[in-house]
Structure formats: structure tokens, C-alpha cells
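Everything numeric in this text was worked out from a predicted model, so none of it was measured.
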Amino acid sequence: HTLLGSLRPETHLVARCAAPRCGCEAPCDPAPWVAAGQGGLPLSAFSGRFRCVCGSREAVLEVRPGPYVKPASQDIHLFR
């Protein structure tokens, strides 16, 4: 799936840490990537743009039901 192809009003993106024993996840706002013209890239192209508090430098983007809600704090940080 591409980034734009994954965006629907009834769904949101979640970054899930790729470290096998971590389990951290955080909602992800894709608006800056879309604004930068990167909406046609596959979701996998964004996996290296995250840093987790566990030290991992990779996360998997997943489409989840429900609207995006900005978290108060995050364990996974996005680098654009």
C-alpha cells in the first residue's frame, strides 16, 4: 500500500517498533509526508524514519481503525 492509498477518514496510522521484544507503538500523523509530496511511496519506505525509546531505529507503519488522535507523549519518535 502507498501512504495515500492507506489514508481513509475512518483509519489512522500507527508506528510499531520493529524490535522483537519491544512492543512500543504510537499514532503517526502522515500530513507532513503528504505535504512533502511523498504520498505515493509505499508504507515500508518510511520504516527507517522512526526512533524508539528502546533504541531501535526502525518501526513498521500499520493501518488501524478509528481517527488519528494526537498522543500526549510518544515512545516512538518520527524523523521526517
Side-chain angles (χ1 to χ4, degrees):
H1 294 288
T2 65
L3 180 62
L4 279 177
S6 301
L7 302 178
R8 303 276 185 270
E10 68 277 0
T11 64
H12 67 284
L13 295 177
V14 170
R16 183 179 45 80
C17 181
R21 290 172 280 213
C22 180
C24 284
E25 48 183 53
C28 177
D29 180 8
W33 292 329
V34 173
Q38 299 174 351
L41 295 175
L43 291 180
S44 60
F46 299 94
S47 64
R49 299 184 186 196
F50 297 93
R51 302 296 179 266
C52 183
V53 294
C54 78
S56 175
R57 296 178 172 263
E58 187 174 358
V60 177
L61 280 178
E62 298 177 349
V63 180
R64 302 272 179 91
Y68 170 77
V69 176
K70 185 175 181 173
S73 66
Q74 286 193 216
D75 291 333
I76 298 179
H77 302 278
L78 167 64
F79 292 87
R80 305 201 195 289

Once rounded to the nearest 0.5 Å, what's the spacing between atom [atom1] of [X] and atom [atom2] of [Y]?
X: D29; Y: H12; atom1: CG; atom2: NE2; answer: 11.5 Å
X: T2; Y: Q38; atom1: OG1; atom2: CD; answer: 12.5 Å
X: L7; Y: H1; atom1: CG; atom2: NE2; answer: 11.5 Å
X: C28; Y: L3; atom1: SG; atom2: CG; answer: 8.0 Å
X: E25; Y: C52; atom1: CD; atom2: SG; answer: 10.5 Å

**Report entry** All salt bridge (charged side-chain N to carboxylate O under 4.0 Å, His left out) counterparts of E58, not counting sequence neighbours
**Finding:**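 Listed in chain order: nothing, the list is empty.
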Query - salt bridge (charged side-chain N to carboxylate O under 4.0 Å, His left out) partners of R57, counting only residues at least two apart - result: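 Testing R57 for salt bridge (charged side-chain N to carboxylate O under 4.0 Å, His left out), a comparison that skips the adjacent residues, returns none.
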For [X], all residues meeting side-chain contact (heavy atoms from CB on, under 4.5 Å), sequence neighbours excluded:
X: R21; answer: none
X: V63; answer: S6, T11, L13, L43
X: A19; answer: C17, C22, C54, S56

Query raised in the report: So if you build clusters from Ile, Leu, Val, Met, Phe, Trp, Tyr with side-chain heavy-atom gaps below 4.5 Å, do V14 and F50 land together?
Result: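 The answer is no; the residues belong to distinct hydrophobic clusters.
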Requested in this report: For the pair V53 and C24, evaluate side-chain contact (heavy atoms from CB on, under 4.5 Å) and give the outcome as yes or no after the intermediate values.
Outcome: CA-CA 8 Å; V53 294; C24 284; 4.3 Å; yes
Query raised in the report: Do R64 and E10 meet the salt-bridge criterion of a basic N to acidic O distance under 4.0 Å?
Result: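 A salt bridge is absent here (no side-chain N lies under 4.0 Å from a carboxylate O).
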